Amino acid sequence: MLDMDFVRAQFPAFQSPVLSSHAFFENAGGSYPCQQVVDRLTRFYTHRKVQPYGPYPGAQEGGAEMDEARTRLSAMMGVASKEVSFGPSTSANTYVLAQAVRQWLRGSNAAIIVTNQDHEANSGVWRRLADEGIEVREWQLDPATGSLDPSDLTALMADGRVKLLCFPHCSNVIAEINDVAAITAIAKAAGVRTVVDGVSYAPHGFPDVPALGCDAYLFSAYKTFGPHLGIMVLREAFGMELPGQAHYFNNATLYKRHTPAGPDHAQIAACAGMADYVDALAAHHGCAGDPLARNRGVHDLMRAQEIAIIAPLLDYLAGRNDLRLLGPRDATRRAPTVAVDLDRPAEPVSEALGREGIACWAGDFYAVRPLQAMGVDLDKGVLRMSAAHYTSPQDVSRLIAALDRVL
């Protein structure tokens, strides 16, 4: 069981007179940064803010800290250091990856599969490949439940033309956790590469990439207690097969091969603070072993905590007849991101909750396709309340009481 006093002591936000005034339920939009990240970012800007890797102390130390971030995060996720690259956001990283795929598949009579369960970042860029004559097939969610059925993939892949499958670990509004390992196994058996959008899942436990079996896994550091960066895990075989998207003389270096923009040195270095935080949790809670084993232990602690604290909210919402809960009612099957379709516009409700001491938001959250597929009126949008492992039972009780007053 997570020691919540220890956990919350790692986040400056809980001591902030501004942020601590509200119970925070906008984690899916961006988590609080941990102290370890804040300290590393401050140190870099104070003592390392020069061009890294140069032949003098500040440059050498800055480059070493950037390398440390890549090395430690890759070890946590069970991949090689060269398979981790950083970009300005996951949307940008996905866009660059899609341009590589555009060149890879151009003129090949190939098809790809996307879903209508995704955030637009892992949907729209892939659909644009149709401009090159690449067929785009849609793996459709169940409009009643929002679920994706893996058995649907058999028919979609039957003719052997599919080369790539893009899907989310979980949706940012439906939140059901897809069985990534089972889906990638189906794809691999058909010779299909897989790209997984992990933005909405990684905040609830960093991925064990070999266990998931995907060729690419993308997520956002600013939603996993870090700085505003996108992180892309791109397995070497796939990354080197794809045409490079950066300077030609960097093509031999995998983590530079698909990074066309100059990296944010300070924020990359600060990402090592996320590994510091996982290690601090592992040490405090007795999770032993190598970095991947420690990460797995912390992942399980985070998920257990989130399941316990979000279940009362799901029960409360399921008991109301003036709203529709999107995604599973069972907390074990979903991330603690809870969206509801109300009988009225959602934005004024989020504003009212703000006045009640609850920080959350409303809208479509760039998940237009899944909301449309489930029959949600986009003019009204949905109210979304998202927790993380540092959310306390008291926060959830405070939210439920506020909902009782506002709805």
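Remember, predicted model here, so these are calculated numbers, not experimental data.
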Exercise for the section: Could you walk me through whether Leu229 and Ile268 pass the side chain to side chain contact (heavy atoms under 4.5 Å, CB included) test, one step at a time? Expected result: CA-CA 8 Å; Leu229 281 180; Ile268 290 174; 3.8 Å; yes
Problem - Test salt bridge (charged side-chain N to carboxylate O under 4.0 Å, His left out) applied to Arg40 and Glu68, step by step - result: CA-CA 12 Å; Arg40 283 182 177 267; Glu68 180 189 359; 3.0 Å; yes
Problem - Check against salt bridge (charged side-chain N to carboxylate O under 4.0 Å, His left out), Glu356 and Arg398 - result: CA-CA 9 Å; Glu356 295 285 338; Arg398 188 176 173 184; over 6 Å; no
Practice task
Apply side-chain hydrogen bond (donor to acceptor under 3.5 Å, both in side chains) to His389 and Gln305, showing your working.
Solution key: CA-CA 6 Å; His389 68 283; Gln305 172 67 16; over 6 Å; no
Handout entry: Stepwise side chain to side chain contact (heavy atoms under 4.5 Å, CB included) test for Met157 and Leu165
Key = CA-CA 10 Å; Met157 297 178 179; Leu165 166 63; 4.1 Å; yes
Practice task
Assess whether salt bridge (charged side-chain N to carboxylate O under 4.0 Å, His left out) is satisfied between Arg43 and Glu65, documenting all intermediate values.
Solution key: CA-CA 10 Å; Arg43 181 173 67 193; Glu65 290 182 4; 3.2 Å; yes
Practice task
Determine, stepwise, if the pair Met77 / Tyr217 fulfils side chain to side chain contact (heavy atoms under 4.5 Å, CB included).
Solution key: CA-CA 10 Å; Met77 296 185 288; Tyr217 191 97; 5.8 Å; no
Handout entry: Residue pair Asn178, Gln117: steps toward the side-chain hydrogen bond (donor to acceptor under 3.5 Å, both in side chains) verdict
Key = CA-CA 11 Å; Asn178 293 316; Gln117 195 193 59; 2.9 Å; yes
Practice task
Please step through side chain to side chain contact (heavy atoms under 4.5 Å, CB included) for the pair Asn172 and Val199, ending with a clear verdict.
Solution key: CA-CA 8 Å; Asn172 67 331; Val199 171; over 6 Å; no
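Salt-bridge formation is detected for the pair Arg193/Asp215: a Lys NZ or Arg NE/NH1/NH2 atom is positioned less than 4.0 Å from an Asp or Glu carboxylate oxygen. Salt bridge present: Asp404 and Arg320 bring a charged side-chain N and a carboxylate O closer than 4.0 Å. Salt bridge Asp343/Lys380: absent, no basic N to carboxylate O contact under 4.0 Å.
With sequence neighbours excluded, no residue satisfies salt bridge (Lys or Arg N to Asp or Glu O under 4.0 Å) with Arg257. Under the salt bridge (Lys or Arg N to Asp or Glu O under 4.0 Å) criterion, Asp300 pairs with no residue at all, not counting sequence neighbours.
No donor-acceptor pair closer than 3.5 Å links the side chain of His228 to the backbone N or O of Ser89. A side-chain donor-acceptor contact under 3.5 Å links Trp139 to the backbone of Asp149. A distance-only check finds a donor-acceptor pair linking the side chain of Thr42 to the backbone of Val38 [under 3.5 Å]. Put simply, the side chain of Asn295 gets close to the backbone of Met76: a donor and an acceptor are under 3.5 Å apart. Side-chain N or O atoms of Arg137 include one that pairs as donor or acceptor with a backbone N or O of Leu156 at under 3.5 Å. Judged purely by atom type and a 3.5 angstrom limit, Glu26 has no side-chain atom pairing as donor or acceptor with the backbone of Ala359. Looking only at distances, no side-chain donor or acceptor of Ser123 sits under 3.5 Å from a matching main-chain atom of His119. The backbone N or O of Ala28 sits less than 3.5 Å from a side-chain atom of Lys223, completing a donor-acceptor pair. Between the side chain of Glu61 and the backbone N or O of Gly58 there is no donor-acceptor pair closer than 3.5 Å. Between the side chain of Gln60 and the backbone N or O of Tyr53 there is at least one donor-acceptor pair closer than 3.5 Å.
Remark: the Ser147 side chain and the Glu176 side chain contain an N/O donor-acceptor pair separated by less than 3.5 Å. Between the side chains of Thr90 and Ser220, at least one donor-acceptor pair of N or O atoms lies under 3.5 Å. A donor atom on one side chain and an acceptor atom on the other are not found under 3.5 Å apart for His169 and Asp197. Inspection of the Gln99 and Arg102 side chains reveals an N or O donor paired with an N or O acceptor under 3.5 Å. Side chains of Asp118 and Thr115: a donor on one and an acceptor on the other come within 3.5 Å. No side-chain donor-acceptor contact under 3.5 Å links Arg384 and Thr337. Defined by atom type and a distance below 3.5 Å, a donor-acceptor pair is present between the side-chain atoms of Gln103 and Gln245.
Taking the six-membered ring for Trp and the full ring otherwise, Phe225 and Tyr32 have centroids separated by 6.0 Å or more. When ring centroids are compared, Phe167 and Trp126 stay outside the 6.0 Å threshold. Ring centroid separation for the pair Tyr277 and Phe206 does not come in under the 6.0 Å cut-off.
Ring geometry for Phe11 against Phe14 counts as perpendicular: the plane angle is over 60°, on a 0 to 90° scale with 30° as the lower cut.
Met385 contributes atom CE, which lies 9.0 Å from atom CZ of Phe25 (distance to the nearest 0.5 angstrom). The distance from atom CZ of Arg369 to atom CG of Leu371, rounded to the nearest 0.5 Å, is 12.0 Å. We find the CZ-CG distance between Arg294 and Leu281 to be 12.0 Å, quoted to the nearest 0.5 Å. To the nearest 0.5 Å, atoms OG (Ser392) and CD1 (Ile309) are separated by 8.0 Å. Rounded to the nearest 0.5 angstrom, Leu164 CG and Ile112 CD1 are separated by 6.0 Å. Atom CG of residue Leu2 and atom NE2 of residue His285 lie 4.5 Å apart, to the nearest 0.5 angstrom.
At a threshold of 4.5 Å between non-hydrogen side-chain atoms, the residues Leu342 and Leu407 count as touching. Residues Asn116 and Gln372 have side chains not in contact (no heavy-atom distance under 4.5 Å, counting atoms from C-beta outward). In this structure the side chain of Leu97 reaches within 4.5 angstrom of the side chain of Met232, judged on heavy atoms. A heavy-atom distance below 4.5 Å is not found between the side chains of Pro263 and Phe86.
Atom OH of Tyr366 has 12 or fewer heavy atoms from other residues, nucleotides or ligands within 6.0 Å. At most 12 heavy atoms of other shown residues, nucleotides or ligands fall within 6.0 angstrom of atom OH in Tyr248.
For the pair Arg70 and Tyr255, the cation-pi test (distance below 6.0 Å, angle within 45°) is passed. Arg8 forms no cation-pi arrangement with Tyr390, by the criterion of a distance under 6.0 Å to the ring centre and an angle within 45° of the ring axis.
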